[in-house]
Amino acid sequence: KNSVIENNGNIKDGSTITIKPRSQPSFSTQSSTLSSSSGLHSPKVSIDNDKGKISQSKRGTTTKKTGPGLGIRLESCCLNDPSTPYATLLKFKDLIEANITDLKTLSTCSWNGIPNEVRHTVWKILCNYSPPNSDRRQKSLDGKRRQYASLVEQHFNSPITVQNNIDMKNQIEKDLKRMITLHRRQDFQLAFERILFIWSIIHSASGYVQGINDLVLPFFVVFLSEYVHVDLNTSKEIVLGAEPTADQLAWVEADCFWCFEHMLSSLHNRYTRNQPGIQEAVQHLSNLVAGIDSVLHNHFKLHKVEYLQFAFRWINNLLIRELPLRCVIRLWDTYLSEYYGFQTFHIYVCAGLLYCFHEDLINKKDFHDLMTSLQNLPTHHWTPDKQMKELLAEAYRIQSLYPKLPQVPCKTKALN
């Protein structure tokens with residue numbers, strides 16, 4: 001009667017839910033290289049009908065020790081991998097090159113991963129930035145890019161605006177200097193600074209919040225890969241096969257801004273005063289874990305571990321500091337294909353992440369060891385086609401058990 005996750009089949013139509021013995025996810029500690037995106041079919045998901053509980057069978061664990069997870073995990077990978085199955089790539093090309101792109105079909109296909117060769121185009125469509133009408137696509141992009149250039153002149157190049165917001169500008173600059181990805185790339189840092197400063201000026205209710213600088217990175221890397229070969233080397237810096245032209249870099253910057261704007265539009269209350277949206281999401285995560293893994297939930301309570309102490313960063317930074325960037329990009333394929341992907345499905349992914357590392361966490365017998373493990377999950381070896389596929393399948397299974405997030409009143413706390 002235990003649940004099972006199979007890595008094939010289609011989960012979107014709800015027709016593949018069965019009852020079978022649960023197989024174990026294989027979260028191996030062996031290193032592996034980045035491979036292509038998954039196929040077009042989501043994993044089959046079986047639900048335990050015994051009072052809606054998930055069995056406490058042995059989960060995939062790892063004891064590999066890693067250093068402090070203070071930065072974004074950017075293990076060596078390439079975003080121009082040509083190994084994507086040809087049929088999958090053709091399916092996406094047919095969709096995006098049609099006179100009118102079928103958005104529902106595109107979203108369904110994207111749930112299981114988008115081929116690297118077309119990801120930059122698909123993301124723009126899923127962000128409602130690029131129109132489904134292929135004939136109007138380039139004209140629309142040109143117009144939005146000109147509009148962004150006007151915003152740069154109006155806000156970033158205005159001495160008065162900059163002077164009135166100098167503290168915010170200085171904080172943005174400090175945070176960007178700490179991003180290893182942007183080291184030795186002043187042009188990239190300046191692009192990020194303009195994006196963040198202009199967004200914060202426009203959204204004055206929230207302004208700049210530390211951590212959202214990380215959220216620009218996946219867009220930037222994906223859109224840059226449209227023009228040049230992009231690799232993330234072992235020193236965690238971006239390495240380019242060639243230098244982008246000034247125009248190409250300006251296009252990437254504008255595209256990042258509008259897609260970043262679209263993503264944060266559903267998360268705005270997470271970045272207002274006291275960040276009530278994050279506190280509500282953390283409370284939802286706590287309620288979910290209490291339902292699917294009461295043993296781990298009670299273990300946290302026993303050792304006085306509060307979800308806000310570790311999950312704040314998970315929600316605020318969308319797991320960008322917990323997962324390698326190649327896995328984050330794969331995760332965002334799914335988020336962008338879901339109507340409330342960043343807002344709601346992300347919480348199920350966080351619950352699935354805790355569930356996957358149940359055994360490791362249960363073996364930690366004090367507060368310090370638990371917090372060290374939670375803040376440094378051993379995911380450096382993860383790849384999009386293995387561990388991420390399993391994590392997303394686990395998250396979907398949890399969502400099938402709890403299609404509506406448990407509703408418990410959340411008292412907003414003042415954050416220092």
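Remark: Phe156 pairs with Phe197 by the ring-ring contact (aromatic ring centres under 6.0 Å, His included) rule, at least two apart or across chains. The ring-ring contact (aromatic ring centres under 6.0 Å, His included) test applied to His268 returns His203, not counting sequence neighbours.
Note on ring orientation: taking the six-membered ring where Trp is involved, the planes of Phe219 and Trp123 are perpendicular (angle over 60°, cut-offs 30° and 60°).
A donor-acceptor pair is defined here as one N or O able to donate and one able to accept, closer than 3.5 Å; such a pair exists between the side chain of Trp258 and the backbone of Lys144. Side chain of Asp293 to main chain of Leu296: a donor-acceptor pair is present (N/O by atom type, distance under 3.5 Å, no hydrogens or angles).
Looking at Asp255 and Tyr148, their side chains never bring a donor and an acceptor atom within 3.5 Å of each other. With hydrogens and angles left out, the side-chain atoms of Gln171 and Asp175 include a donor and acceptor closer than 3.5 Å.
Proximity of the aromatic rings of His297 and Tyr307 is defined here by a centroid distance below 6.0 angstrom, and this criterion is met. For Phe300 and Phe310, the gap between ring centers is short of 6.0 Å.
A salt bridge links Lys169 to Glu173: one of the charged nitrogens lies within less than 4.0 Å of a carboxylate oxygen. One finds a salt bridge joining Asp187 and Arg185 here, because a Lys/Arg side-chain nitrogen approaches an Asp/Glu carboxylate oxygen to under 4.0 Å. Between Arg270 and Glu280 no salt bridge is recorded (no basic side-chain N to carboxylate O distance below 4.0 Å). Under the 4.0 Å criterion applied to side-chain N and carboxylate O atoms, Glu322 and Arg313 are assigned as salt-bridge partners. For the pair Asp94 and Lys91, the salt-bridge criterion is not met [side-chain N within less than 4.0 Å of a carboxylate O].
The 12-atom threshold is exceeded at CD1 of Ile166, counting heavy atoms of other residues, nucleotides or ligands nearer than 6.0 Å.
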